[in-house]
Amino acid sequence: MKKQAISLAVAATVGMGTVIGGFAIQTEAASISSLKEQQNKIQSQRSDVHSNIKESTEKLSEIKNQQTNVKNEIQSLDKEISETTKQIEEKTAKIATTKDEITKLQAKIEELKDRIEKRNILLKERVRSYQENGLGINYLDVLLGSTSFSDFIERASAVATFMQADQDILKQHEADKNELEATQLQVKKELASLEKMVAELESMKKQLNAERAEKDQLMAQLVQQEEEEHSHMMDLKEQEKLLAIQEAAIQKAIKQEQERQAKAAAAAAAAKSRTTQSSTIASSGNAPKVSSGGGSGSAPNVSSGVWTQPATGYVSSGFGYRSAGRHDGVDIANGASVPILAAADGVVIRAYYSTTYGNCIFLSHSINGQVYTTVYAHMSSLAVGSGATVKKGQKIGTMGNTGRSRGQHLHFELHKGPWTPDKRNAINPVGIVPLP
Ligand SMILES: [Zn+2]
């Protein structure tokens, strides 16, 4: 009986729909513990996101290290390639001079061959005439011109000396020729070895260039990985911000609830001294104010319950699985530029542009100690900013087609509890929030 009296007093003092039947205080205590439980959940989600950010940061620094290694490898490959190229150039120049040398040697050999041939002919002629006439014509003339025997002997020995000299010259020519041919052979061998070296260097250079191309490709991959990791980290930071804001909102709700309870306790204490009626009074549980809404057709009428329809139009996509994957909300489409309304009393926890949600608003609602979060995405413009307190049915923006959206529509999400990156709290708003 006393509890019922307290509940009446609380309902009268606070004027809110949290008190139902005769269990006012217990319900309120449960509200705070429920809020704290939700705060704990957010904190654990935040710590998950934190460790993801840490992991991402580590991955990024690892990618950076790999990039440095590949850069160093590319640098040393470049050095090897330029050294090899230099060697090829040197060897190619040496091949040119060697070929030149071979040509010069060849010319000398030809010259000597020519001389040997001429001398050979001359000698053969002399030998033939010597055989025909006993002596070569020239030598015979010399001998016939002798005036005495001693002169003859002298002349004969001179002839023999000349013949010997002819043969010596011939032998010398032959020796020179042989030496030149040996030199030429040696130089040709050198040329062959030089050409082999150049071929080896060329294939080495080809291999180095292939390695270099591979490293370039690896580098490009690492740069791409870095970019991906960067954008991933951006997403994580976006999540972290939302979670932090929600945690702050819940903390605020806890404080408000504590203040409300303190007031209720004071009122209950005051009521204790009075004798009140003992009949059971149940609260409606809903805010009493009813607005007629826009009425122009562009905005839906504001419902009398806790929730109201966020936009006019038709449901183009419902909650749940669809071909493109899980849909965590309901899409309300409308060809006309229509206002988007707050689905319930709440606080704007975030109003910003997201690459996926486009212009979007996150509202936090505390309804009977339960936190709900609503999301309104793809709006063309926003009418309220972060931190603002909004009333059920208040215009918060205009329907649009921003972010990852195809066609003008409102993507509306309802979360029982805070919004989380994995959207585990998303529920089907059908039967809770009035929809077209
Ligand atoms: Zn949607």
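What's counted below: heavy atoms across the whole structure, side chains too, no hydrogens, waters or symmetry copies. Numbering starts at 1 and runs along the sequence shown. Atoms within a ligand are numbered from 1 in the order they appear, just like the ligands themselves.
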SB check Asp328 Arg326 (cutoff 4.0 Å): yes
May I ask you to decide whether Glu200 forms a salt bridge with Lys91, counting only side-chain N to carboxylate O separations under 4.0 Å? no
Looking at Asp331, the N/O/S atom that lies nearest to the Zn ion (ligand 1) is called OD1
Only N/O/S atoms count here: what is the atom of His411 closest to the Zn ion (ligand 1) called? ND1
Regarding Lys54 and Glu58, does a basic nitrogen lie under 4.0 Å from an acidic carboxylate oxygen? yes
Mind checking ring pair (Phe, Tyr, Trp, His ring centres under 6.0 Å) for Tyr372 and listing every partner two or more places apart, or none if nothing turns up? Trp307
Has His327 got an N/O/S atom less than 2.8 Å from the Zn ion (ligand 1)? yes
